[in-house]
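Here's the structure we're looking at; comments come further down.
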Amino acid sequence: MLLLQQMVVLFILMGIGFLCYKLQIITAESSKKLSAIVVNIANPAMVLKGSMGEDRIEGRELLITVILVAAVYTVLVILSVILPRLLRVEKKSRGTYQAMTIFSNIGFMGYPVVEALYGSSAVLYAALFNIPYNILIYTVGVSAMSAEGSTDWKESFSVKRILNVGVIACIITIIIYLVKIPIPGFIKVTITHLGNLTAPLSMMVIGASLASIDIKKLFTDIKLLLFSAIKLLVIPILGVTIIRQFVDIDIILGVCMVMLATPVGSMTAMLAQQYDGDYEMASKGVALTTILSVATMPVVSMITKL
């Protein structure tokens, strides 16, 4: 199974990052710098690369994807309110669980997996998930994480924060694709090389972050384990099953499956730290779901036959 092979590759890269951190080849400071390279250079390049291939996406398929993206995030926002209450999460952690429900690791892990499974042109579909993701994370995400009265709403809703490098890359990608702007060969090669850095660097950074966490303690939190099962198995399997009733295009179904099945995004921990959320719980959620996703994503793929 291609997805299983890809997850094994990502797991090995995470292991290398873990080992590098233990050997002090990667430090906390250098890990932040590597993250900056991925977020601001490699990941945007991977998104841009998706618009430069010869494969084309029909307008109908693009429209279907936009509608699906809107529907998926609407449902996730609703679930984020219901799920913490069903799990009887403590009040101080509810906002963190809400953010963990909505925001997955679609950049660091989702894009590399989509590209490996469906080719670089499929990243265009995935890029459409990134635009509302960034808008929501600086609005709904900040609201969920913030302690009462501590939110600087002017800063949280600022255009500068929402229109970050990732969103700008997504917008440029779509414009290049729709307008069919010709790109010189040397620029394509440069962007391709930069985009290829995403998977190895991002997985090594995730592995390095796991090295500073007591992994044994992750598996003793029953509520977090139950949440992880719902996040990584129930939501993607049920989501794809429902979407399949309305869409029969395999590549769109596959991208939706990957976007829903990826683990909790690392941005949730960053938001929790900045806005007085439950940072410890957010870090544990990112770590646990990342470890489990190596096994759960192939299971989701097998059950959904994608």
Side-chain angles (χ1 to χ4, degrees), residues 3-4 6-8 10-15 17-18 21 72 75-106 108-110 113 137 141 144-145 202-203 205-242 257-273 277-304:
L3 179 56
L4 178 59
Q6 177 65 16
M7 294 309 296
V8 170
L10 296 181
F11 184 76
I12 292 172
L13 291 172
M14 285 168 54
F18 184 95
Y21 189 90
V72 164
V75 173
L76 287 176
V77 169
I78 294 171
L79 281 176
S80 74
V81 177
I82 298 172
L83 192 54
R85 297 181 183 278
L86 288 178
L87 294 175
R88 296 184 179 179
V89 174
E90 294 180 8
K91 189 174 181 180
K92 70 171 185 176
S93 300
R94 283 182 185 174
T96 298
Y97 270 83
Q98 286 180 327
M100 291 195 298
T101 301
I102 301 170
F103 304 111
S104 300
N105 198 345
I106 64 174
F108 276 17
M109 187 172 285
V113 172
I137 203 163
M145 287 293 189
S202 62
M203 289 303 104
V205 168
I206 291 173
S209 68
L210 294 178
S212 60
I213 296 174
D214 187 347
I215 296 177
K216 292 181 180 178
K217 290 184 178 180
L218 296 178
F219 295 91
T220 59
D221 189 327
I222 303 301
K223 287 182 182 178
L224 186 58
L225 282 169
L226 183 55
F227 167 81
S228 299
I230 295 171
K231 168 77 175 174
L232 299 175
L233 292 172
V234 177
I235 291 177
I237 292 172
L238 191 58
V240 171
T241 301
I242 294 173
M257 182 272 291
V258 173
M259 295 295 100
L260 289 172
T262 46
V264 173
S266 57
M267 272 296 292
T268 57
M270 298 178 196
L271 283 181
Q273 189 174 42
D278 192 340
Y279 175 69
E280 181 181 356
M281 182 60 67
S283 299
K284 287 168 64 178
V286 172
L288 181 61
T289 55
T290 298
I291 294 170
L292 294 177
S293 68
V294 177
T296 58
M297 287 185 73
V299 169
V300 171
S301 177
M302 181 177 65
I303 293 175
T304 58

Steps toward side-chain contact (heavy atoms from CB on, under 4.5 Å) verdict (Val258, Met109): CA-CA 9 Å; Val258 173; Met109 187 172 285; over 6 Å; no

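- Expressed to the nearest 0.5 Å, how far CG of Leu76 lies from CE of Met259 amounts to 12.5 Å.
- Expressed to the nearest 0.5 Å, how far CG of Leu4 lies from CE of Met297 amounts to 11.5 Å.
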Test side-chain contact (heavy atoms from CB on, under 4.5 Å) applied to Asp278 and Glu90, step by step: CA-CA 10 Å; Asp278 192 340; Glu90 294 180 8; over 6 Å; no

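- Separation of atoms CG (Leu79) and CD1 (Ile102) is listed at 9.5 Å; rounding is to 0.5 Å.
- Thr290 places a side-chain heavy atom less than 4.5 Å from the side chain of Met14.
- Interatomic distance, CG of Leu232 versus CZ of Phe227, reported as 8.0 Å (0.5 Å rounding).
- Of all the heavy atoms in Met7 and Ser293, the pair that sits closest is CE-O, 3.5 Å.
- Nearest heavy-atom pair, Ala287 versus Leu210, reported as atom, atom and distance to 0.1 Å: CB-CD2, 3.4 Å.
- Going from atom OG of Ser80 over to atom CZ of Arg85 covers 10.5 Å, rounded to the nearest 0.5 Å.
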Derivation and outcome, side-chain contact (heavy atoms from CB on, under 4.5 Å), residues Leu225 and Leu288: CA-CA 8 Å; Leu225 282 169; Leu288 181 61; 3.8 Å; yes

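- In plain terms, the two heavy atoms of Ser104 and Thr262 that are nearest each other are CB-OG1, 3.2 Å.
- When atom types are taken as modelled, the side chain of Ser93 and the backbone of Val89 share no donor-acceptor pair closer than 3.5 angstrom.
- Of all heavy-atom pairs between Pro84 and Gln98, the closest is CG-CG, 4.0 Å.
- Under the side chain to side chain contact (heavy atoms under 4.5 Å, CB included) test applied with Thr289, the options Leu224, Val264, Leu218 reduce to a single match, Val264.
- A donor-acceptor contact shorter than 3.5 Å is absent between the side chain of Lys231 and the backbone of Pro263.
- Applying the salt bridge (Lys or Arg N to Asp or Glu O under 4.0 Å) test to every pair with at least one member in residues 279-295, sequence neighbours left out, gives these pairs: Asp221-Lys284.
- The two residues Ala261 and Val300 come nearest to each other via the heavy atoms CB-CG1, 4.4 Å.
- In this structure, Leu226 and Leu87 have side chains that are in contact, with non-hydrogen atoms separated by less than 4.5 Å.
- Heavy atoms only, all atoms of each residue included: Phe103 and Gly141 are closest at CE1-CA, 3.7 Å.
- Distance check, rounded to the nearest 0.5 Å: CE of Met302 to CD1 of Ile237 gives 9.0 Å.
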